[in-house]
Amino acid sequence: MAHVLLVGKGFSGTKQALKARGHTYTVLQDRDATKFPEKKFKRRVVTSFKDSGEYLAVVDNIHRQEPIDAALTVYENYIVACAQITSHLGLPGMSVEAAVACTDKEVMRTKFAAAPEKISPAFMAVHSREALIDFANTHEFPLILKPANLAKSLLVTKNNSLEELLANYDKALGLLASTYKKYAPNNTPKLLVEEFLEGSVHSVDAFVDTNGEPQVLENVVDYQTGYDIGFDDNFHYSRLLPSTLPAETIAAIRHCAKIGCEALGMTSSPAHVEIILTPGGPRIVEIGARNGGYRERMHRLANDIDITANALALALGQPLDITPKRNDPVGVFELFPKVPGTFTGITNLAVLQACPSLDYLTVKAGDGQFVGKAGDGYKMCAIVILCNHDAAQFEQDRHYLLTEVSVTTTP
(Lines give C-alpha, C1' and ligand atoms only; values in the text may rest on other atoms or scores of the structure.)
Protein backbone atom coordinates (compact mmCIF):
# COMPACT_ATOMS: atom_id res chain seq x y z
CA MET A 1 0.00 0.00 0.00
CA ALA A 2 1.34 3.43 -0.96
CA HIS A 3 0.69 6.90 0.45
CA VAL A 4 0.27 9.31 -2.48
CA LEU A 5 0.37 13.09 -2.30
CA LEU A 6 -2.07 14.73 -4.73
CA VAL A 7 -0.67 18.17 -5.43
CA GLY A 8 -2.82 21.26 -5.86
CA LYS A 9 -6.26 19.72 -6.05
CA GLY A 10 -7.68 16.23 -5.73
CA PHE A 11 -9.28 14.88 -8.90
CA SER A 12 -12.20 12.61 -7.99
CA GLY A 13 -11.26 9.91 -10.51
CA THR A 14 -7.72 9.73 -9.17
CA LYS A 15 -8.90 9.49 -5.57
CA GLN A 16 -11.35 6.73 -6.43
CA ALA A 17 -8.64 4.83 -8.32
CA LEU A 18 -6.26 5.08 -5.36
CA LYS A 19 -8.87 3.84 -2.89
CA ALA A 20 -9.84 0.97 -5.21
CA ARG A 21 -6.20 -0.17 -5.20
CA GLY A 22 -5.89 0.02 -1.42
CA HIS A 23 -3.66 3.12 -1.40
CA THR A 24 -4.01 6.11 0.87
CA TYR A 25 -3.68 9.71 -0.24
CA THR A 26 -3.39 13.24 1.05
CA VAL A 27 -4.56 16.20 -1.01
CA LEU A 28 -2.18 19.16 -0.71
CA GLN A 29 -4.78 21.73 -1.65
CA ASP A 30 -4.18 25.25 -2.93
CA ARG A 31 -5.58 27.81 -0.49
CA ASP A 32 -6.31 30.23 -3.35
CA ALA A 33 -8.46 27.61 -5.10
CA THR A 34 -10.35 26.51 -1.96
CA LYS A 35 -13.74 27.97 -1.01
CA PHE A 36 -13.51 27.10 2.69
CA PRO A 37 -9.80 26.66 3.49
CA GLU A 38 -10.37 26.87 7.23
CA LYS A 39 -12.57 23.76 7.29
CA LYS A 40 -10.93 20.51 8.33
CA PHE A 41 -11.37 17.47 6.10
CA LYS A 42 -9.79 14.07 6.39
CA ARG A 43 -7.01 13.58 3.85
CA ARG A 44 -6.82 17.29 2.98
CA VAL A 45 -4.16 19.80 3.97
CA VAL A 46 -4.50 23.38 2.72
CA THR A 47 -1.48 25.54 1.95
CA SER A 48 -0.37 28.43 -0.23
CA PHE A 49 1.39 27.62 -3.49
CA LYS A 50 2.82 31.12 -3.81
CA ASP A 51 5.86 30.29 -1.64
CA SER A 52 7.72 27.01 -2.17
CA GLY A 53 9.28 27.25 1.27
CA GLU A 54 5.83 27.27 2.84
CA TYR A 55 4.38 24.30 0.98
CA LEU A 56 7.58 22.25 1.26
CA ALA A 57 7.46 22.73 5.04
CA VAL A 58 3.86 21.49 5.00
CA VAL A 59 4.94 18.50 2.89
CA ASP A 60 7.66 17.69 5.43
CA ASN A 61 5.07 17.69 8.19
CA ILE A 62 2.79 15.33 6.23
CA HIS A 63 5.77 13.10 5.43
CA ARG A 64 6.72 12.84 9.12
CA GLN A 65 3.22 11.71 10.05
CA GLU A 66 2.82 9.26 7.16
CA PRO A 67 5.75 8.75 4.76
CA ILE A 68 4.92 9.84 1.21
CA ASP A 69 5.69 7.21 -1.45
CA ALA A 70 4.71 9.22 -4.54
CA ALA A 71 3.49 12.65 -5.57
CA LEU A 72 1.47 13.48 -8.64
CA THR A 73 -0.80 16.15 -10.07
CA VAL A 74 -3.33 16.16 -12.89
CA TYR A 75 -3.54 19.96 -13.09
CA GLU A 76 -1.34 22.23 -15.21
CA ASN A 77 -0.99 24.89 -12.52
CA TYR A 78 0.81 22.55 -10.08
CA ILE A 79 3.33 20.78 -12.31
CA VAL A 80 6.26 22.92 -11.15
CA ALA A 81 5.25 22.56 -7.50
CA CYS A 82 4.95 18.78 -7.90
CA ALA A 83 8.46 18.67 -9.40
CA GLN A 84 9.80 20.68 -6.46
CA ILE A 85 8.11 18.29 -4.03
CA THR A 86 9.39 15.08 -5.66
CA SER A 87 12.89 16.56 -5.86
CA HIS A 88 12.70 17.62 -2.20
CA LEU A 89 11.58 14.14 -1.08
CA GLY A 90 13.83 12.19 -3.46
CA LEU A 91 10.88 10.58 -5.25
CA PRO A 92 10.51 9.80 -8.98
CA GLY A 93 9.59 12.97 -10.84
CA MET A 94 10.80 15.68 -13.18
CA SER A 95 13.50 18.23 -12.61
CA VAL A 96 12.18 21.71 -11.86
CA GLU A 97 13.82 22.92 -15.08
CA ALA A 98 11.87 20.39 -17.15
CA ALA A 99 8.66 21.23 -15.27
CA VAL A 100 9.10 24.93 -16.09
CA ALA A 101 9.66 24.00 -19.76
CA CYS A 102 6.39 22.05 -19.72
CA THR A 103 4.36 24.96 -18.31
CA ASP A 104 5.88 28.02 -19.99
CA LYS A 105 5.43 27.94 -23.76
CA GLU A 106 8.23 30.46 -24.30
CA VAL A 107 10.73 28.12 -22.64
CA MET A 108 9.10 25.14 -24.35
CA ARG A 109 9.39 26.68 -27.83
CA THR A 110 13.04 27.59 -27.17
CA LYS A 111 13.85 23.96 -26.29
CA PHE A 112 11.91 22.67 -29.29
CA ALA A 113 13.96 24.94 -31.54
CA ALA A 114 17.10 23.10 -30.38
CA ALA A 115 15.64 19.64 -31.19
CA PRO A 116 17.35 17.54 -33.91
CA GLU A 117 14.28 17.88 -36.18
CA LYS A 118 11.85 20.74 -36.84
CA ILE A 119 8.93 20.08 -34.53
CA SER A 120 7.39 23.49 -33.74
CA PRO A 121 6.49 26.89 -35.26
CA ALA A 122 8.41 30.17 -35.16
CA PHE A 123 7.35 32.28 -32.16
CA MET A 124 8.12 35.31 -30.00
CA ALA A 125 7.23 36.43 -26.49
CA VAL A 126 5.24 39.66 -26.75
CA HIS A 127 6.50 42.39 -24.45
CA SER A 128 5.23 45.40 -26.38
CA ARG A 129 2.91 46.47 -29.16
CA GLU A 130 5.94 47.49 -31.25
CA ALA A 131 7.56 44.05 -30.96
CA LEU A 132 4.28 42.44 -31.98
CA ILE A 133 4.15 44.62 -35.08
CA ASP A 134 7.76 43.73 -35.93
CA PHE A 135 6.96 40.01 -35.75
CA ALA A 136 3.87 40.48 -37.89
CA ASN A 137 5.90 42.34 -40.50
CA THR A 138 8.33 39.44 -40.88
CA HIS A 139 5.87 36.51 -40.80
CA GLU A 140 2.83 35.58 -42.85
CA PHE A 141 -0.71 35.77 -41.55
CA PRO A 142 -2.65 34.17 -40.00
CA LEU A 143 -0.83 34.44 -36.67
CA ILE A 144 -1.80 32.95 -33.30
CA LEU A 145 -1.80 35.10 -30.17
CA LYS A 146 -1.90 33.03 -26.97
CA PRO A 147 -0.98 33.06 -23.28
CA ALA A 148 2.26 31.25 -22.51
CA ASN A 149 0.97 29.43 -19.44
CA LEU A 150 -2.80 28.95 -19.52
CA ALA A 151 -4.81 25.89 -20.61
CA LYS A 152 -8.12 25.11 -22.34
CA SER A 153 -7.59 27.56 -25.27
CA LEU A 154 -8.26 30.50 -22.95
CA LEU A 155 -7.53 33.84 -24.70
CA VAL A 156 -6.13 32.04 -27.78
CA THR A 157 -6.98 33.89 -31.01
CA LYS A 158 -6.30 33.33 -34.69
CA ASN A 159 -5.55 36.61 -36.48
CA ASN A 160 -5.79 37.17 -40.22
CA SER A 161 -4.50 40.75 -40.37
CA LEU A 162 -2.42 43.23 -38.44
CA GLU A 163 -5.55 45.15 -37.52
CA GLU A 164 -7.16 42.02 -36.06
CA LEU A 165 -3.95 41.02 -34.28
CA LEU A 166 -3.60 44.41 -32.58
CA ALA A 167 -7.28 44.46 -31.61
CA ASN A 168 -7.00 41.02 -30.01
CA TYR A 169 -3.75 42.04 -28.34
CA ASP A 170 -5.51 45.00 -26.71
CA LYS A 171 -8.41 42.75 -25.70
CA ALA A 172 -6.04 40.14 -24.24
CA LEU A 173 -4.20 42.79 -22.22
CA GLY A 174 -7.52 43.82 -20.73
CA LEU A 175 -8.44 40.24 -19.81
CA LEU A 176 -5.07 38.84 -18.73
CA ALA A 177 -5.19 39.83 -15.06
CA SER A 178 -8.74 38.59 -14.41
CA THR A 179 -8.31 35.36 -16.41
CA TYR A 180 -5.06 34.43 -14.68
CA LYS A 181 -6.53 35.31 -11.29
CA LYS A 182 -9.43 32.95 -11.96
CA TYR A 183 -7.66 30.03 -13.66
CA ALA A 184 -3.92 30.31 -12.86
CA PRO A 185 -3.40 32.60 -9.85
CA ASN A 186 0.17 31.43 -9.24
CA ASN A 187 1.35 32.07 -12.82
CA THR A 188 2.78 35.29 -14.24
CA PRO A 189 0.75 36.49 -17.25
CA LYS A 190 2.67 36.29 -20.51
CA LEU A 191 1.67 36.43 -24.19
CA LEU A 192 3.20 34.72 -27.22
CA VAL A 193 2.72 35.26 -30.93
CA GLU A 194 3.49 32.39 -33.29
CA GLU A 195 3.01 31.11 -36.80
CA PHE A 196 -0.35 29.54 -37.51
CA LEU A 197 0.07 25.88 -38.35
CA GLU A 198 -2.23 24.85 -41.17
CA GLY A 199 -3.47 21.31 -40.82
CA SER A 200 -5.55 18.87 -38.81
CA VAL A 201 -5.25 18.74 -35.01
CA HIS A 202 -4.25 15.59 -33.13
CA SER A 203 -2.80 14.51 -29.81
CA VAL A 204 -1.14 11.52 -28.25
CA ASP A 205 -0.29 10.71 -24.65
CA ALA A 206 2.93 9.20 -23.39
CA PHE A 207 4.66 8.11 -20.20
CA VAL A 208 8.31 9.12 -19.82
CA ASP A 209 10.31 6.78 -17.60
CA THR A 210 12.95 7.62 -15.01
CA ASN A 211 15.66 7.49 -17.70
CA GLY A 212 13.86 9.99 -19.91
CA GLU A 213 12.67 7.38 -22.43
CA PRO A 214 9.14 8.20 -23.70
CA GLN A 215 6.70 5.32 -24.08
CA VAL A 216 4.15 6.75 -26.51
CA LEU A 217 0.65 5.30 -26.72
CA GLU A 218 -0.30 3.64 -30.00
CA ASN A 219 -3.62 5.48 -30.01
CA VAL A 220 -3.62 8.97 -31.57
CA VAL A 221 -6.62 11.23 -30.89
CA ASP A 222 -8.19 13.27 -33.73
CA TYR A 223 -9.67 16.71 -32.98
CA GLN A 224 -12.20 19.05 -34.49
CA THR A 225 -11.78 22.70 -33.53
CA GLY A 226 -14.41 25.39 -33.35
CA TYR A 227 -13.18 26.66 -36.72
CA ASP A 228 -13.74 23.20 -38.23
CA ILE A 229 -17.45 23.30 -37.38
CA GLY A 230 -18.07 26.91 -38.43
CA PHE A 231 -17.41 28.81 -35.18
CA ASP A 232 -15.18 31.87 -34.95
CA ASP A 233 -13.35 30.38 -31.98
CA ASN A 234 -10.35 28.09 -31.45
CA PHE A 235 -11.74 25.68 -28.84
CA HIS A 236 -11.49 21.89 -29.14
CA TYR A 237 -15.00 20.80 -30.13
CA SER A 238 -14.32 17.06 -30.32
CA ARG A 239 -11.67 14.51 -29.37
CA LEU A 240 -12.11 11.22 -31.23
CA LEU A 241 -10.75 7.68 -31.04
CA PRO A 242 -9.74 5.76 -33.06
CA SER A 243 -7.80 8.02 -35.40
CA THR A 244 -8.72 7.96 -39.08
CA LEU A 245 -5.12 8.69 -40.11
CA PRO A 246 -3.05 6.12 -42.06
CA ALA A 247 -0.56 4.01 -40.12
CA GLU A 248 2.52 5.84 -41.46
CA THR A 249 1.12 9.22 -40.38
CA ILE A 250 0.33 7.91 -36.90
CA ALA A 251 3.92 6.65 -36.69
CA ALA A 252 5.22 10.11 -37.69
CA ILE A 253 3.09 11.77 -34.98
CA ARG A 254 4.33 9.34 -32.33
CA HIS A 255 7.94 9.93 -33.45
CA CYS A 256 7.46 13.70 -33.21
CA ALA A 257 5.97 13.32 -29.72
CA LYS A 258 8.98 11.29 -28.60
CA ILE A 259 11.42 13.95 -29.84
CA GLY A 260 9.42 16.66 -28.09
CA CYS A 261 9.43 14.89 -24.71
CA GLU A 262 13.18 14.34 -25.00
CA ALA A 263 13.78 17.99 -25.97
CA LEU A 264 12.08 19.14 -22.75
CA GLY A 265 14.17 16.78 -20.60
CA MET A 266 11.11 15.08 -19.13
CA THR A 267 11.52 12.18 -16.69
CA SER A 268 9.09 10.11 -14.59
CA SER A 269 6.09 11.96 -15.97
CA PRO A 270 3.01 11.52 -18.09
CA ALA A 271 2.98 13.65 -21.24
CA HIS A 272 0.13 15.04 -23.28
CA VAL A 273 1.34 16.08 -26.74
CA GLU A 274 -0.83 18.27 -28.98
CA ILE A 275 0.16 18.24 -32.64
CA ILE A 276 -0.82 19.90 -35.93
CA LEU A 277 -0.33 17.72 -38.99
CA THR A 278 1.06 20.26 -41.48
CA PRO A 279 2.06 19.68 -45.14
CA GLY A 280 5.66 19.64 -43.86
CA GLY A 281 4.95 17.00 -41.23
CA PRO A 282 3.80 16.94 -37.58
CA ARG A 283 4.44 20.09 -35.51
CA ILE A 284 3.96 20.27 -31.74
CA VAL A 285 1.57 22.87 -30.35
CA GLU A 286 2.48 22.05 -26.75
CA ILE A 287 3.35 19.27 -24.33
CA GLY A 288 1.77 19.07 -20.90
CA ALA A 289 3.41 17.09 -18.10
CA ARG A 290 0.14 15.35 -17.34
CA ASN A 291 -2.33 13.15 -19.15
CA GLY A 292 -4.72 14.95 -21.46
CA GLY A 293 -8.16 16.01 -20.40
CA TYR A 294 -10.71 13.18 -20.48
CA ARG A 295 -8.01 10.64 -21.39
CA GLU A 296 -8.71 8.40 -18.40
CA ARG A 297 -12.25 7.79 -19.63
CA MET A 298 -11.42 7.84 -23.36
CA HIS A 299 -8.67 5.23 -23.26
CA ARG A 300 -10.56 3.04 -20.79
CA LEU A 301 -13.65 2.98 -23.02
CA ALA A 302 -11.84 2.74 -26.35
CA ASN A 303 -8.73 0.70 -25.57
CA ASP A 304 -9.12 -0.80 -22.07
CA ILE A 305 -6.01 1.11 -20.94
CA ASP A 306 -5.94 2.36 -17.35
CA ILE A 307 -4.34 5.81 -17.62
CA THR A 308 -4.55 6.54 -13.89
CA ALA A 309 -2.93 3.22 -12.97
CA ASN A 310 -0.07 3.94 -15.36
CA ALA A 311 0.44 7.46 -14.00
CA LEU A 312 0.56 6.01 -10.50
CA ALA A 313 2.96 3.24 -11.59
CA LEU A 314 5.24 5.90 -13.07
CA ALA A 315 5.18 7.92 -9.83
CA LEU A 316 6.06 4.76 -7.88
CA GLY A 317 8.75 3.65 -10.33
CA GLN A 318 6.80 0.55 -11.38
CA PRO A 319 6.28 -1.07 -14.84
CA LEU A 320 3.66 0.30 -17.24
CA ASP A 321 0.87 -1.40 -19.19
CA ILE A 322 -0.15 0.76 -22.17
CA THR A 323 -0.95 -1.97 -24.71
CA PRO A 324 -4.46 -1.49 -26.20
CA LYS A 325 -6.81 -4.45 -25.78
CA ARG A 326 -9.52 -3.11 -28.15
CA ASN A 327 -10.16 -0.13 -30.43
CA ASP A 328 -13.77 1.03 -30.03
CA PRO A 329 -15.04 4.48 -31.11
CA VAL A 330 -15.18 7.15 -28.41
CA GLY A 331 -15.73 10.90 -28.63
CA VAL A 332 -15.59 13.77 -26.15
CA PHE A 333 -17.36 16.98 -27.15
CA GLU A 334 -17.25 20.45 -25.59
CA LEU A 335 -20.19 22.68 -26.44
CA PHE A 336 -19.73 26.45 -26.73
CA PRO A 337 -22.18 29.10 -27.93
CA LYS A 338 -21.89 30.23 -31.52
CA VAL A 339 -23.09 33.66 -30.40
CA PRO A 340 -21.99 34.97 -26.97
CA GLY A 341 -24.84 35.97 -24.71
CA THR A 342 -27.03 34.86 -21.82
CA PHE A 343 -27.32 31.06 -21.64
CA THR A 344 -30.88 29.84 -22.26
CA GLY A 345 -30.34 26.13 -22.82
CA ILE A 346 -29.25 23.35 -25.16
CA THR A 347 -31.38 22.25 -28.09
CA ASN A 348 -32.73 18.68 -28.25
CA LEU A 349 -31.22 17.77 -24.89
CA ALA A 350 -33.83 15.09 -24.15
CA VAL A 351 -33.19 13.36 -27.50
CA LEU A 352 -29.44 13.44 -26.86
CA GLN A 353 -29.96 11.87 -23.44
CA ALA A 354 -31.71 8.93 -25.15
CA CYS A 355 -28.96 8.31 -27.73
CA PRO A 356 -27.61 4.73 -27.45
CA SER A 357 -24.01 5.96 -27.52
CA LEU A 358 -24.34 8.49 -24.69
CA ASP A 359 -21.91 7.69 -21.88
CA TYR A 360 -21.72 11.03 -20.06
CA LEU A 361 -23.42 14.42 -20.16
CA THR A 362 -23.03 17.44 -17.93
CA VAL A 363 -24.27 20.98 -18.43
CA LYS A 364 -21.85 23.45 -16.87
CA ALA A 365 -23.66 26.70 -17.67
CA GLY A 366 -26.61 27.90 -15.62
CA ASP A 367 -29.74 29.76 -16.71
CA GLY A 368 -29.04 33.47 -16.90
CA GLN A 369 -25.26 33.03 -16.98
CA PHE A 370 -23.32 34.95 -19.63
CA VAL A 371 -21.40 32.54 -21.86
CA GLY A 372 -18.94 33.23 -24.64
CA LYS A 373 -15.87 32.26 -26.64
CA ALA A 374 -12.87 30.34 -25.32
CA GLY A 375 -10.80 33.04 -27.02
CA ASP A 376 -12.43 35.59 -24.71
CA GLY A 377 -11.69 33.56 -21.57
CA TYR A 378 -14.91 31.55 -21.24
CA LYS A 379 -15.18 27.80 -20.65
CA MET A 380 -17.49 25.24 -22.22
CA CYS A 381 -21.23 25.18 -21.53
CA ALA A 382 -21.56 21.39 -21.65
CA ILE A 383 -19.52 18.20 -22.03
CA VAL A 384 -20.77 15.15 -23.90
CA ILE A 385 -19.07 11.75 -24.15
CA LEU A 386 -20.22 9.16 -26.68
CA CYS A 387 -19.01 5.58 -27.03
CA ASN A 388 -20.33 2.45 -28.68
CA HIS A 389 -18.90 -0.87 -29.79
CA ASP A 390 -21.15 -0.48 -32.85
CA ALA A 391 -19.28 2.02 -35.05
CA ALA A 392 -22.32 2.74 -37.24
CA GLN A 393 -24.47 3.63 -34.24
CA PHE A 394 -21.67 5.80 -32.87
CA GLU A 395 -21.45 7.74 -36.15
CA GLN A 396 -25.21 8.20 -36.25
CA ASP A 397 -25.27 9.63 -32.72
CA ARG A 398 -22.20 11.78 -33.36
CA HIS A 399 -23.85 13.26 -36.48
CA TYR A 400 -26.99 14.04 -34.48
CA LEU A 401 -24.94 15.82 -31.82
CA LEU A 402 -23.13 17.91 -34.43
CA THR A 403 -26.18 18.89 -36.44
CA GLU A 404 -29.05 19.02 -33.95
CA VAL A 405 -27.56 19.91 -30.54
CA SER A 406 -26.35 23.45 -29.82
CA VAL A 407 -26.02 26.04 -27.08
CA THR A 408 -28.69 28.72 -27.24
CA THR A 409 -28.24 32.28 -26.02
CA THR A 410 -30.03 35.62 -25.97
CA PRO A 411 -28.25 38.98 -26.33
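Below, all heavy atoms of this structure are taken into account, side chains as well, without hydrogens, waters or symmetry copies.
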Handout entry: Glu163 atom CD, over 12 foreign heavy atoms within 6.0 Å
Key = no
Handout entry: Arg21 vs Leu18 side-chain heavy atoms within contact, under 4.5 Å
Key = no
Exercise for the section: Could you tell me whether the side chain of Leu132 reaches within less than 4.5 Å of the side chain of Leu166, counting heavy atoms only? Expected result: yes
Problem - Pairwise side-chain contact, Thr34 with Gln29, heavy-atom cut-off 4.5 Å (strictly under) - result: yes
Problem - Gap separating the OG atom of Ser406 from the CD1 atom of Ile229, nearest 0.5 angstrom - result: 10.0 Å
Practice task
Answer yes or no: is there an ion pair linking Glu218 with Arg254, defined by an N-O contact shorter than 4.0 Å?
Solution key: no
Completion exercise
Minimal heavy-atom distance between Ala206 and Asn291, with the atoms involved, is O-ND2, 4.4 Å
Handout entry: No-hydrogen, no-angle side-chain donor-acceptor test under 3.5 Å, His3 and Asp69
Key = no
Problem - Heavy-atom side-chain contact between Cys261 and Val273 under 4.5 Å - result: yes
Handout entry: Short side-chain to backbone donor-acceptor contact, Asp205 and Gly292, under 3.5 Å
Key = yes
Practice task
Determine, for Lys9 against Asp30, whether the closest basic-nitrogen to carboxylate-oxygen distance falls under 4.0 angstrom.
Solution key: no
Practice task
State whether Glu164 and Lys158 are salt-bridged, where the test is any N-O pair (Lys NZ or Arg NE/NH1/NH2 against Asp/Glu carboxylate O) under 4.0 Å.
Solution key: no
Practice task
May I ask you to decide whether Arg43 forms a salt bridge with Glu66, counting only side-chain N to carboxylate O separations under 4.0 Å?
Solution key: yes
Problem - Backbone N/O of Arg326 and side chain of Asn303: donor-acceptor pair under 3.5 Å - result: yes
Exercise for the section: Could you tell me whether the side chain of Asn187 reaches within less than 4.5 Å of the side chain of Asn77, counting heavy atoms only? Expected result: yes
Practice task
Please tell me if the side chains of Val7 and Phe49 come closer than 4.5 Å, counting only heavy atoms from C-beta onward.
Solution key: yes
Problem - Residue Lys40 excluded, over 12 heavy atoms near NZ under 6.0 Å - result: no
Exercise for the section: Examine Lys373 relative to Phe235 and say whether NZ or CZ is less than 6.0 Å from the centre of the six-membered ring and inside a 45° cone about the ring axis. Expected result: no
Exercise for the section: Measure centre to centre between the rings of Phe135 and Phe123, then say whether the value is under 6.0 Å. Expected result: no
Problem - Test item: Asn211 side-chain N/O and Glu213 main-chain N/O as donor-acceptor pair under 3.5 Å - result: no
Handout entry: Lys111 with Glu97: basic N within carboxylate O range, under 4.0 Å
Key = yes
Exercise for the section: Would you kindly say whether Thr225 and His236 are connected by a side-chain donor-acceptor distance under 3.5 Å? Expected result: no
Exercise for the section: Report the C-alpha separation of Ile79 and Met94 in whole Å, then their side-chain angles, then the decisive distance to 0.1 Å, and conclude whether the side-chain contact (heavy atoms from CB on, under 4.5 Å) test is met. Expected result: CA-CA 9 Å; Ile79 287 168; Met94 281 199 300; 3.9 Å; yes
Practice task
Could you please spell out the steps behind the side-chain contact (heavy atoms from CB on, under 4.5 Å) verdict for Val221 and His202?
Solution key: CA-CA 5 Å; Val221 174; His202 309 270; over 6 Å; no
Completion exercise
The reported gap from CG in Asp390 to CG in Asn388 (rounded to nearest 0.5 angstrom) is 5.5 Å
Practice task
Give the C-alpha distance, both sets of side-chain angles, the deciding distance and a yes or no for side chain to side chain donor-acceptor pair (under 3.5 Å) between Asn159 and Tyr169.
Solution key: CA-CA 10 Å; Asn159 304 276; Tyr169 174 66; over 6 Å; no
Problem - Closest non-hydrogen atom pair between Leu386 and Phe394, with its separation - result: O-CE1, 3.4 Å
Handout entry: Note, Thr14 side chain near Leu6 side chain (heavy atom, < 4.5 Å)
Key = yes
Practice task
Determine the minimum heavy-atom distance between Ala125 and Leu192, stating which atoms define it.
Solution key: CA-CD2, 3.6 Å
Practice task
Give a yes or no answer on whether the side chain of Thr73 reaches the backbone of Tyr75 with a donor-acceptor pair at less than 3.5 Å.
Solution key: yes
Completion exercise
Taking every heavy atom of Ala315 against every heavy atom of Leu72, the minimum-distance pair comes out as CB-CD2, 4.2 Å
Handout entry: Exam field: side chain Thr347 to backbone Glu404, donor-acceptor pair closer than 3.5 Å
Key = yes
Handout entry: Under-4.0 Å salt bridge between Arg300 and Asp306
Key = no
Handout entry: Distance-minimising heavy-atom pair for Asn219 and Ile305
Key = OD1-CD1, 3.7 Å
Practice task
For Arg283 and Lys118, indicate whether the former's side chain and the latter's backbone hold a donor-acceptor pair under 3.5 Å.
Solution key: yes
Handout entry: Asp170 bridged to Arg129 by N-O distance under 4.0 Å
Key = yes
Handout entry: Other residues, nucleotides, ligands: >12 heavy atoms within 6.0 Å of Lys50 NZ
Key = yes
Exercise for the section: Identify which one of Lys364, Lys379, Arg239 satisfies the salt bridge (charged side-chain N to carboxylate O under 4.0 Å, His left out) criterion when paired with Glu334. Expected result: Arg239
Handout entry: Asp304 side chain vs Lys325 backbone, donor-acceptor pair below 3.5 Å
Key = no
Exercise for the section: Report yes or no: is the cationic atom of Arg297 (NZ for Lys, CZ for Arg) under 6.0 Å from the centre of the six-membered ring of Tyr360, at an angle within 45° of the ring normal? Expected result: yes
Handout entry: Ser357-Gln393 side chain donor-acceptor pair, cut-off 3.5 Å
Key = no
Practice task
Measure centre to centre between the rings of Phe370 and Phe343, then say whether the value is under 6.0 Å.
Solution key: no
Fill in the blank from the handout: Heavy-atom closest pair (Gly288 atom, Met266 atom, distance to 0.1 Å) is O-CE, 4.5 Å
Practice task
Determine whether Thr110 and Phe112 make a side-chain contact, defined as any pair of heavy atoms from C-beta on separated by less than 4.5 Å.
Solution key: no
Handout entry: Distance-only side-chain donor-acceptor flag, Ser243 / Asp222, under 3.5 Å
Key = yes
Exercise for the section: Measure the OH-SG distance between Tyr400 and Cys355 for me, rounded to the nearest 0.5 Å. Expected result: 7.0 Å
Handout entry: Val4/Thr24 under side-chain contact (heavy atoms from CB on, under 4.5 Å): CA gap, chis, key distance, verdict
Key = CA-CA 6 Å; Val4 180; Thr24 62; over 6 Å; no
Practice task
Determine whether more than 12 heavy atoms belonging to other residues, nucleotides or ligands lie under 6.0 Å from atom CD of Gln353.
Solution key: yes
Handout entry: Donor on one side chain, acceptor on other, Thr342 and Thr409, under 3.5 Å
Key = no
Practice task
Evaluate the side-chain contact (heavy atoms from CB on, under 4.5 Å) criterion for residues Leu5 and Leu91: first the C-alpha distance (whole Å), next the side-chain angles of each, then the deciding distance (0.1 Å), finally the verdict.
Solution key: CA-CA 11 Å; Leu5 187 71; Leu91 299 173; over 6 Å; no
Practice task
Would you please indicate if the ring centroids of Phe231 and Phe336 are separated by under 6.0 Å?
Solution key: no
Completion exercise
One should read off an interatomic distance between Asn168 CG and Leu155 CG, to the nearest 0.5 angstrom, of 10.0 Å
Practice task
Would you please say whether a donor-acceptor pair under 3.5 Å links the side chains of Ser203 and Tyr223?
Solution key: yes
Completion exercise
To the nearest 0.5 Å, atom CG of Leu335 lies from atom CE of Met380 at 9.5 Å
Problem - Under 3.5 Å donor-acceptor, Lys105 side chain and Leu150 backbone - result: yes
Practice task
Taking Asp397 for its side chain and Leu358 for its backbone only, find out whether a donor-acceptor pair lies under 3.5 Å.
Solution key: no
Exercise for the section: Please check if the side chain of Ser153 supplies one atom and the backbone of Val156 the other of a donor-acceptor pair under 3.5 Å. Expected result: no
Handout entry: Euclidean distance, Glu195 CD relative to Leu143 CG, rounded to 0.5 Å
Key = 8.0 Å
Problem - Flag for Glu286-His272: side-chain donor and acceptor within less than 3.5 Å - result: no
